[in-house]
Amino acid sequence: MAFRHGSKGTSRRWVGLVVGGLLALLVGPGAVAQGAAAAEPSAVRGAGDTRAAMDAVAAMQPGWNLGNSLDATGGDETSWGNPRVTEELLDNIRAQGFNSIRLPVTWTQRLAPDHTIDPAHLDRVEEIVDWALADGFHVMLNIHHDSWEWIADMPADRAGVLARYEAIWTQLADRFRDADPRLTFESVNEPQFNGSSGDAENAELLDVLNTSFHRVVRDSGGGNATRLLVLPSLHTSAEQPRLDELAATFDALDDPNLIATVHYYGYWPFSVNVAGGTRFDDTATADLTGAFDRVHDTFVARGIPVIIGEYGLLGFDRHTGTIQQGEKLKFFEFLGHYARAKNITTMLWDNGQHFQRTGFRWNDPELFAQIASSWTTRSGTASSDQVFSARSAPIADASLTLHPNGTTFTGLWHGDTELTRGADYTVEGDRLTLTAAALTRLSGDREYGVNAVLHARFSSGVPWRIDLITHDTPVLGAATGTTSAFAVPTDFRGDRLATMEAVYDDGTNAGPHDWTPFKEFDRAFAPDYDAGATTLTPEFFAEVDDGSRVTLTFHYWSGTTVTYHVTRSGTSVTGAPA
């Protein structure tokens, strides 16, 4: 990713954020490899036979990123909070079913003035590469955050940047000349340029980098003469102009052992939860299919293999709770399915927030089960994973729309007990209705929050969890504070916060992202369910007009909305229910 802890920036990537700058079914490596289809045989490019490269990249599916370790820009690989990489960690990642591992490495702080890499650091990188190869991984090694630390200065210092860049790759090519062919090189992570004249210059500069990388590695001989090399688009974007620019470089190099790479972090409003993008809806789905279709048609259909070198959601940069769980699961289920359909290999971005680097467990097992299942099959989902019933009103029937995704609904379960069709629920077409009698029984004494957990089972994939939640309208209290510390006392009463609008009395949008009334979850506001508060952040107040009342509308997942007024006066803030 482009910055510490994987931050990708915000609205500058808004065009679909294919622009990364662009998983309880666990399957074994053999099953995954068998599930990766071969490329279509149409219009294979160039004089060389690309089938070996296509087969190798298919065998790399699925992949995982060792993020925020060797790519950390501080004193050593622990400087961004992760422990030192161990052989045991790689053993455990391999046991999860991953067939490839991407090793992002930032070299800047390890270079002498003459661009010589610190020998101890190069030895450490080689040690980790060797561990991964010994585990049976395909390995992708790159130049990572150097892309924005100094490579981005290429418009003003072409000779200096190119000299340093070629020096690094000369040393890496020499060190790994005779390494196992399962080691691949990636020229640069998320290439970008500061102060260029525009698209044409950006394309020309990236072509220079990719071409010089290709020449340096190929000229080093040994295994590097045919080693698979990975070339990115500008920003690793899947926008068509960026793909066309990269395709032109592939055509000029005419080398059968090249791989194209882009990144995918989803439709930006959904990916960070801003502008009302709370759901993986038709717009977010179309963004994904559009990106993967373009990559497929530009490269895969021509016999050029493609790796999504990083994928995930940008809201994960803050924490994985930025995106609602069910919507998150639908995104990853569909991404895995569509990547398989388009013969694209994927590499999950993990900066330590997913797989524990010492505990060797998934922080969110449900998420990983969905991701892993998507490598080989589809899973059924539903319009929501939440069914709300108000404690202040009699319980009524409640319905969800099933999304079988090509599977067949087989039943509804509460723990080890199968519920009775007809009495506990009905299914008409794709409409699942839970009866009031079943909801009453399962909700028990109706304490606020989740009273029961059901699972809809389908003919394949992982079951779909459904939480039965008792709620009432949240109650907000008056508050005083400052622009650096302000919280709205909130009795959530079982409900969960989805998003927040902010407008002035004249109807214009307030706060950051003033092109939309809906603010960014966890950056402008954040719920604290344990503390009973909703925080408004300094970033929010930094862009609120002094003395102008702001009306906040809090949207909750039950469908309830509650309004609240805040007024900033200098650094002081007052708030009260509307």
Side-chain angles (χ1 to χ4, degrees), residues 3-5 7 9-12 14 268-269 271-278 314-324 448-449 471-578:
F3 300 102
R4 178 176 175 176
H5 303 304
S7 172
T10 53
S11 55
R12 71 187 179 93
W14 160 205
W268 183 63
S271 189
V272 302
N273 194 347
V274 73
T278 57
L314 294 176
F316 287 0
D317 289 355
R318 306 284 285 185
H319 56 74
T320 59
T322 297
I323 315 300
Q324 196 274 336
Y448 286 139
H471 78 106
D472 276 322
T473 299
V475 176
L476 312 185
T480 59
T482 68
T483 54
S484 60
F486 184 82
V488 179
T490 307
D491 183 353
F492 290 96
R493 304 214 293 177
D495 220 330
R496 313 289 285 183
L497 185 58
T499 188
M500 181 191 82
E501 291 181 87
V503 297
Y504 295 114
D505 286 346
D506 64 2
T508 60
N509 301 326
H513 299 113
D514 61 3
W515 47 270
T516 175
F518 290 94
K519 305 298 100 174
E520 184 174 346
F521 193 102
D522 206 49
R523 287 194 180 271
F525 69 97
D528 187 333
Y529 299 105
D530 292 334
T534 304
T535 300
L536 301 181
T537 67
E539 293 97 320
F540 173 74
F541 287 113
E543 299 189 43
V544 167
D545 294 342
D546 194 53
S548 295
R549 189 177 73 164
V550 177
T551 297
L552 307 176
T553 302
F554 294 100
H555 294 252
Y556 298 89
W557 279 104
S558 69
T560 300
T561 60
V562 179
T563 55
Y564 192 85
H565 295 313
V566 292
T567 304
R568 170 194 167 197
S569 179
T571 61
S572 297
V573 181
T574 58

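Values reported hereafter were calculated over all heavy atoms of this structure, with side chains retained and with hydrogens, waters and symmetry mates removed. If you're wondering where the values come from, they're calculated on a predicted model, not measured in any experiment. In what follows, residues are counted from 1 in the order of the sequence shown.
S271 and I323 get closest at one heavy-atom pair: O-CD1, 3.4 Å. Across T560 and H471, no two heavy atoms sit closer than the pair OG1-CE1, 4.0 Å. Among all heavy-atom pairs drawn from A487 and A479, the shortest one is O-CB, 3.4 Å. Contact record, F525 with L536: CB-CD2, 4.0 Å, taken as the closest heavy-atom pair. Annotation for L552 and A502: closest pair CD2-CB, 3.7 Å, computed over non-hydrogen atoms. Closest non-hydrogen pair, T516 versus A275, comes out as OG1-CA, 3.4 Å.
Using cut-offs of 30° and 60° on the angle between ring planes, the pair W515 and W268 is tilted. Between F541 and F486, the ring planes lie perpendicular to each other; the angle is over 60°, past the 30° to 60° tilted range.
Here D472 pairs with nothing under the salt bridge (Lys or Arg N to Asp or Glu O under 4.0 Å) rule; sequence neighbours left out. Judged as a side-chain contact (heavy atoms from CB on, under 4.5 Å), and not counting sequence neighbours, the contacts of T537 are E539, F540. Applying the side-chain contact (heavy atoms from CB on, under 4.5 Å) criterion to D514, with sequence neighbours excluded, gives no partner residue.
Distance OG1/T278 to CG/L497: 10.5 Å, rounded to 0.5 Å.
Checked against a 6.0 Å centroid threshold, the rings of H513 and F518 do not count as neighbours.
Distance alone, capped at 3.5 Å, is enough to place a donor-acceptor pair between the T482 side chain and the A485 backbone.
With 3.5 Å as the limit, one finds a donor-acceptor pair spanning the side chains of T551 and H565. In this structure, a donor-acceptor pair under 3.5 Å is absent between the side chains of N273 and T322.
Annotation: salt bridge (Lys or Arg N to Asp or Glu O under 4.0 Å) contacts involving residues 479-492, sequence neighbours excluded, are absent. A salt bridge (Lys or Arg N to Asp or Glu O under 4.0 Å) check over residues 549-559, counting only residues at least two apart or in different chains, returns the pairs D505-R549. Residue pairs meeting the side chain to side chain donor-acceptor pair (under 3.5 Å) criterion with at least one member in residues 524-534, sequence neighbours excluded: T490-T534.
For the pair T483 and R568, the minimum side-chain heavy-atom distance is below 4.5 Å. V550 places none of its side-chain heavy atoms less than 4.5 Å from the side chain of V503. Between Y564 and V562, every side-chain heavy-atom pair lies at or beyond the 4.5 Å cut-off. You'll find the side chain of Y556 reaches within 4.5 Å of the side chain of F492, heavy atoms only. Considering only heavy atoms from C-beta on, D522 stays 4.5 Å or farther from E520 through its side chain. Side-chain atoms of V274 and F521, non-hydrogen and from C-beta on, never get closer than 4.5 Å to each other. Counting heavy atoms from C-beta outward, K519 and E501 have side chains that stay 4.5 Å or more apart. At a threshold of 4.5 Å between non-hydrogen side-chain atoms, the residues R493 and P474 do not count as touching.
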Trace of the side-chain contact (heavy atoms from CB on, under 4.5 Å) decision for T561 with F554
CA-CA 5 Å; T561 60; F554 294 100; over 6 Å; no
Report the C-alpha distance between R523 and R318 in whole Å, list the side-chain angles of each, state the deciding distance to 0.1 Å, and finish with yes or no for side-chain contact (heavy atoms from CB on, under 4.5 Å).
CA-CA 8 Å; R523 287 194 180 271; R318 306 284 285 185; 3.3 Å; yes
